[in-house]
Structures are given as C-alpha cells and as structure tokens.
Enquirer: 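Before I ask anything, let me first share the structure, which is written out below as structure tokens.
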There are 2 protein chains.
Amino acid sequence: MTSKDDASLNRKEQILDAAAALFAENGYYKTTTAKVAEAVGVTQPYVFHFFKTKEALYLAVLERAYQRILYAFTSVQAPPELLQETMGKAFIELLADHRNEILLIMMAYTTPEPVIRDHTRRQFEMIYERVLNRFTQAGIADSEQKTSNFISFGLLIAMSETLDLPYLCRWREKDSDSHQNHENHDNHDSR
Amino acid sequence: MTSKDDASLNRKEQILDAAAALFAENGYYKTTTAKVAEAVGVTQPYVFHFFKTKEALYLAVLERAYQRILYAFTSVQAPPELLQETMGKAFIELLADHRNEILLIMMAYTTPEPVIRDHTRRQFEMIYERVLNRFTQAGIADSEQKTSNFISFGLLIAMSETLDLPYLCRWREKDSDSHQNHENHDNHDSR
DNA sequence: GGTTAATTATTTATCGATTAATAAATGGAT
DNA sequence: ATCCATTTATTAATCGATAAATAATTAACC
C-alpha cells in the first residue's frame, strides 16, 4: 500500500491469474468471487467491474488457456516420425508452465452450465481438428485414432494430477517418448 | 397418490436412482436435495432421513456405481487374446445400461470436496489394480500401459458423451474391437 | 505551477435468492 | 397409544450482483 504496487498495471490480468488458480483447485462453484478478489487484494464487487458475471470470468480464463494450448500445438516443429512425441512433450511442458490452466481445460467439460459446456465443446472441436490436421499432414497412419489417443492421454494425465495418482501414468516415467505413441511397444511380442 | 405407489417399498433406492440421474446431469453442486426429493415425489427434508448429508448421498451413489463397474470387469470371461476387447465391450455395455452411474464415476474426480476426491482416488486405485491384474494374469505384454490406455479411453468416452462430441471417439464406430486395443492398427507401417 | 475539473480506480453497504440442515408435528396402522 | 413414514415450518449461512459513495489519477486552464 506504501506506494501502490507496480503490479496494479493491469488488474484484469491479475484477476484472471488468481481466478485460474482458484478455479483449477476448487472448481467453478466452490470458487467464490470473494475469494478471487481476496487473492488479488481487491474487494469482491470490483471483480464485476471487469467481468459482468462470474460465468464471464470463468469463460475468460478458459479462453486464455485454450489459446495457449492451441498455440503450443500449432507451433510444434518436428519431422513426421517425431511429431507425436514432440507434441506430447509440448503438452507436458505446457502442463508444467501453466498447470492451472491446463487442468482447468481438461476438467471444464464437467461444469454443467450450458454456456460453459458449449464453449468447451467448441474448444475441443478446435483442438481435435488442429491435432488431427497436423497428424494427417505429417502422413501419420490412422490419424483419427492417434488424435483420439492423444487427447485421451491428456485427460488421463489431468485425472492423475488432480487425484494425485501418479502410477496411473507410470508410462510417463519409464520411457521418455510419451503421451500417445504406445504403438512402438505394443506388438513386437504377443506373449 | 391413489393407493400409494408399490415402489415405496424402498424409498432409499428410489432416492439413489434419482440422485444418480441428477448428479450425472447437473453435477454435485447444481443438484439440490430439493430436486432429488421432487424427482422421487418426497419432501426435501425427508432425504436427510436416509442420508445424513448431501455429501453422504453423493458418496452412496458413487459407491453403488463403483461396485457395478468393478463387478463388470471382474466377471468378464475371455481367452487372453480377447480379454482387452471383451473388457472394452463390458464397459460399453455398462455405459448403455447404467449411463448415469458410469458418467458419474468418470467425472467425480473433478468435484473438489476432499471426501469425494479421496473416495474417488480409492475407487480408481481399485479399478486400476483390478484391470492391471487381469491383464497381467492373461500374460498381456506392457500391461501397465494397456491398463492406463484402457482407463484413458473410458475418460475420453465420458467426455465425448457429456459434450456430445461423437467424433472424438470415431474409432468406436469404425471397427468393433475398441476401447483400448489399438496396437493392432498402429505399427504395420511407420511412415 | 498550482487550482480546478473530469475521468478512472476502488470501496462500502446492502439486497435478494438459494440451499443444506434441524426440529417439531401429523397421521395412519398395528 | 406407540411406532413408522412423512410433512410442515423454520433457520442460518452463503453468494452473486447492484448502486452509490469515495479516493486517486490525469488533463486543462490560467
């Protein structure tokens, strides 16, 4: 309070950051606008000066996260035979850098507000299309299955992190090429 | 009201059924005890006669669903080379017969009540162990990865159903052996 | 360059609605 | 008249949202 925080440059960003963390940890309903405000160091009604409703705040957080994940998948550069592996790594990196947002994206579909579901549906449509397009362009066989596989492991990782059940994703530790390309291991032995 | 429903034999079961449907559709927080009561045709405080808290009701619903899914996976009988496929089918069947409960199980981990998360963690531990054990006993190679794969596709299916995004799981339509055994397709070409 | 006006940033106070939970009452069957 | 199933009445807390008031910053003018 001494001389006004430097950080007050953009309160809106601060609110988005705090909201991302709280929404990711406590979900949509248990995160009150009062808690978001408190985390930023602002009064609760002030949040509504930037976001018309709580839902609008949630959607804004989601949108930012979505932009980030989409950009990450878009900017991956790798030769076709390494594309899956590299995109998997990009996802893991994103998870490390922006854990809140990534977990939020992977869990948002369970929030039963129609507007949120619609938004999430559109986001995953785009993500799916983007990944599928990249896999297809790289000449990867069965790209639709690989894309589903890729997204499904994203979901599994989110659950594993949320529940703190690391061995659900033990394959992440064992070998470094991860996230989706298990076809390498699968069938050179039928035991 | 005429002659008293025959179904009033076990109000508790009715409440569990109604709660499962409502929790699956509207989530934990947006499902009020009043709505559950109304769905059964009972007053709201009466729900608390059977379940001490709303949370206890949710956990009871979850427990019933969990028992069902665990039993389904346990009672699958198939030769080793068909085990994965058959268990996948068992899951799909369960999803058809008890959609609410299955979707609920796959989404419960996002509910931020500590008690619910603990319960869900324990449930998935058991499910993972059960599936892994069956795969291992059948001599399936890389059984840990296959188990992760199996569960991750369960999550993907849940999201696909919840968001009504069928093409996320297009592989379910294309060929009949589904849910986890993609190693068959994956690598007879590396391109 | 200091006084004032205008604009922006933020707070105080408060309302209305919802909801889980408790306790006491009713009523019929045995 | 007691036991069981169920209802009525009620409460206490929480939370999103609005409106009005105040503080702080910038801009303008003399």
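Below, all heavy atoms of this structure are taken into account, side chains as well, without hydrogens, waters or symmetry copies. Given the structure is predicted, the values throughout are model-derived calculations rather than measurements. The sequence lines fix the lettering, A, B, ..., with proteins before strands; numbering per chain opens at 1.
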Enquirer: Find the distance B:His49:NE2 to C:dA25:P and express it as a whole number of Å.
Expert: 17 Å
Enquirer: If the sugar-phosphate is the primed atoms plus P, OP1 and OP2 and the base is the rest, what is the B/S/- string for nucleotides 11-24 of chain C, using protein heavy atoms under 4.0 Å?
Expert: BBB-----SBBBB-
Enquirer: Within less than 4.0 Å of OP1 or OP2 of C:dA9, is there a side-chain N or O belonging to A:Arg11?
Expert: no
Enquirer: Please find out if less than 6.0 Å separates the ring center of A:Tyr109 from that of A:Phe124.
Expert: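 That pair fails the under 6.0 Å test.
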Enquirer: Please name all residues satisfying ring pair (Phe, Tyr, Trp, His ring centres under 6.0 Å) with B:Phe51, sequence neighbours left out, ordered by chain then number.
Expert: none
Enquirer: Would you mind reporting whether A:Arg172 and A:Ile92 have side-chain heavy atoms less than 4.5 Å apart?
Expert: yes
Enquirer: Rounded off to whole Å, could you give me the NZ-to-P distance for the A:Lys12 and C:dT8 pair?
Expert: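 Result: 15 Å.
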Enquirer: Less than 4.0 Å between a side-chain N and a carboxylate O, is that true for A:Glu93 and A:Lys89?
Expert: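 No.
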Enquirer: Please list, chain by chain and in numerical order, all residues satisfying side-chain hydrogen bond (donor to acceptor under 3.5 Å, both in side chains) with A:Asp17, sequence neighbours excluded.
Expert: A:Arg64
